[in-house]
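Quick notes on the structure that follows.
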2 protein chains.
Amino acid sequence: MIYLMTESALVPEGSIPLDDGSAVLTGLHAQVLDLIGLAICAGELASGSVMRIEELEERYGVSRSVVREAIRVLASMGMVASRRRVGVQVLAASEWNLYDPQVIRWRLASPGRIAQLRSLTELRTAIEPEAARLAAIRAPLANASELMGLAGKLWAAGQANDAEGFLVLDIEFHRLVLSSSGNEMFAKLNTLVAEVLTGRTHYGLMPRHPHDEALQSHVDVASAIQRGNADDAHASMLGIMQRAFDEMSSIWEHGSPAA
Amino acid sequence: MIYLMTESALVPEGSIPLDDGSAVLTGLHAQVLDLIGLAICAGELASGSVMRIEELEERYGVSRSVVREAIRVLASMGMVASRRRVGVQVLAASEWNLYDPQVIRWRLASPGRIAQLRSLTELRTAIEPEAARLAAIRAPLANASELMGLAGKLWAAGQANDAEGFLVLDIEFHRLVLSSSGNEMFAKLNTLVAEVLTGRTHYGLMPRHPHDEALQSHVDVASAIQRGNADDAHASMLGIMQRAFDEMSSIWEHGSPAA
DNA sequence: GGGTTGAATACGTATGATTTATTAAGTAAC
DNA sequence: GTTACTTAATAAATCATACGTATTCAACCC
């Protein structure tokens, strides 16, 4: 039997994000959902295996309603399917909603996170240069100025070897580019990008010291957006992406971060 | 009070896709979820408005568990948040999981679908050329051959003015390119692309007769992938995307499909 | 006026009863 | 032996109800 935390008086139900990227799960429903989701993504509950509601009630020591609600959410994520007279069946990974923020977090917390970071980085290579191009065309002046400011601070944090500060600024920079694209679908990928940046930093897939060219490219992106030069913005962002991909590749092929 | 269909003996719980793209919703849970989700996307339930569980029970004539499970799913999609002593609050559209297939379907069924098709088409412009590039590098020979076959049939269907046949083949062509990219994140966008292609056809945002260049571009993409020429595959797919975007733009600016 | 207390409220959780779809075994007919 | 039909077992789906618990709001006191 797995014991779960009871409600605290401090926070509303659901998940409350913490500064370090983790979160407190309040409410039995959210906790059970998290445990089952993690177990599936980690492969502990293999594709095809079935479980009964009653079995889950006992395992987690919660009531039917809590389990059922968690199962419904997992079903809407394509992770399980529940069928009468059979039980709750774990579906193949090809069925999962890989763009669901919760699924992304579960997979990044599982073995196989490296392969996922590779997929996500490839996705970024397609998205972010195009977002930068659109931002150069559509971004309000205020956003462009803020991007310039962020690029400056990012440069400073890189020079000062301030890894944590760098990460926060980097996330904010890319978030602002995505939202400045004026396209809701691009903007929605900001959580995905933030998870990738956090993940590659925490799992040692970044060079210990950011390369000067990477820092300069961020300035170039911001400057191109401010000038309204779409092609330059695209090219500079593409440079950032390719460098990020190469850095990750070389590190996971050689084992440890380069200097 | 809204009356819902009772279970039929023909199909399992959940949603069963139909040939025409629609689906039968079996199970009270799925029906209630669909009704509320649609109402929110259509703007009938405005952002910020609150409803009580009991109120929803009465409106749909179902029990508490059914309503609660639907609400939990909507909460995981970022569409509502339920807070004690307040009720269930509809969240702003900026919080919704726009990549959830169900959310995409609800939004395409709502007014404002044109704006969404525009966003989605812009997203395709970023994704599909890159997917074609990767497919040229990674696609198994069998996939490349199948793409060539599809491109041929697509060309024939276009010449024959067979709109329905064209749509089916077009969906299959783009699905195969995405999955041949070898990237799970790209592959997962096949439902999104299928929805866009279906939507723009059914809402009259396609030219009545496919342009010859568009048909030729599909052949070019398939051929480039088979030759392993990444840059050509990228360029040809980009051509398809830009033409699609321009066609949609000109139609919704002038009102009716061009010849 | 500001902080504290307390009651009202609506969600959260637990549980038992009942219904319904589905599977699989058993049976009869061919 | 295979097919078709019937029946029983099973587990999810639904309903109904009770109780627990956080949050809000207002009355109250200092």
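Below, chains carry the letters A, B, ... as their sequence lines are ordered, and counting in each starts from 1. Below, all heavy atoms of this structure are taken into account, side chains as well, without hydrogens, waters or symmetry copies.
With rounding to whole Å, A/Leu25 atom CG is found 16 Å from C/dG12 atom C1'. Between the CD atom of B/Glu57 and the P atom of D/dT14 there is a distance of 14 Å, rounded to whole Å. For B/Met51 and C/dT9, the CE to C1' distance is 18 Å, given to the nearest whole Å. When rounded to the nearest whole Å, the span between CD1 of B/Ile71 and C1' of C/dA10 equals 13 Å. Distance B/Glu58 CD to C/dA10 P: 12 Å, rounded to the nearest Å. Counting to the nearest Å, the P atom of D/dA11 and the CZ atom of A/Arg68 are 15 Å from each other. For the pair B/Glu69 CD and D/dA13 P, the interatomic distance rounds to 8 Å; values are reported in whole Å. Distance CG (B/Leu33) to P (D/dA13): 14 Å, rounded to an integer number of Å.
Considering only residues two or more places apart in sequence or on other chains, A/Arg85 meets the salt bridge (Lys or Arg N to Asp or Glu O under 4.0 Å) condition with none of them. Every residue was checked against the salt bridge (Lys or Arg N to Asp or Glu O under 4.0 Å) condition with B/Glu95, not counting sequence neighbours, and none meets it.
Contact annotation: B/Ser82 side-chain N/O to C/dG12 OP1/OP2 distance is under 4.0 Å. Taking only side-chain nitrogens and oxygens, B/Arg83 comes nearer than 4.0 Å to OP1 or OP2 of D/dT24. Residue A/Arg84 places none of its side-chain N or O atoms closer than 4.0 Å to OP1 or OP2 of C/dT23. One finds no side-chain N or O of A/Arg72 lying less than 4.0 angstrom from the OP1 or OP2 phosphate oxygen of D/dA12. For the pair A/Ser63 and C/dT13, the criterion of a side-chain N or O lying under 4.0 Å from OP1 or OP2 is not met. Within the structure, every side-chain polar atom (N or O) of B/Ser65 is placed at least 4.0 Å from both OP1 and OP2 of D/dA16. Put simply, B/Arg64 has no side-chain N or O that comes within less than 4.0 Å of OP1 or OP2 on C/dG12.
Contact of B/Arg85 with D/dT24 (side chain to base): a donor-acceptor pair of N or O atoms is detected under 3.5 Å.
Ranked by how close their nearest DNA chain C nucleotide is to the 5' end, A/His29 and B/Val86 are led by B/Val86.
A salt bridge links A/Glu184 with B/Arg107: at least one charged nitrogen is closer than 4.0 Å to a carboxylate oxygen.
Environment of CD in A/Gln89: crowded, with over 12 heavy atoms of neighbouring residues, nucleotides or ligands closer than 6.0 Å. With a 6.0 Å radius and a threshold of 12 heavy atoms from other residues, nucleotides or ligands, B/Glu55 has its CD atom above the threshold.
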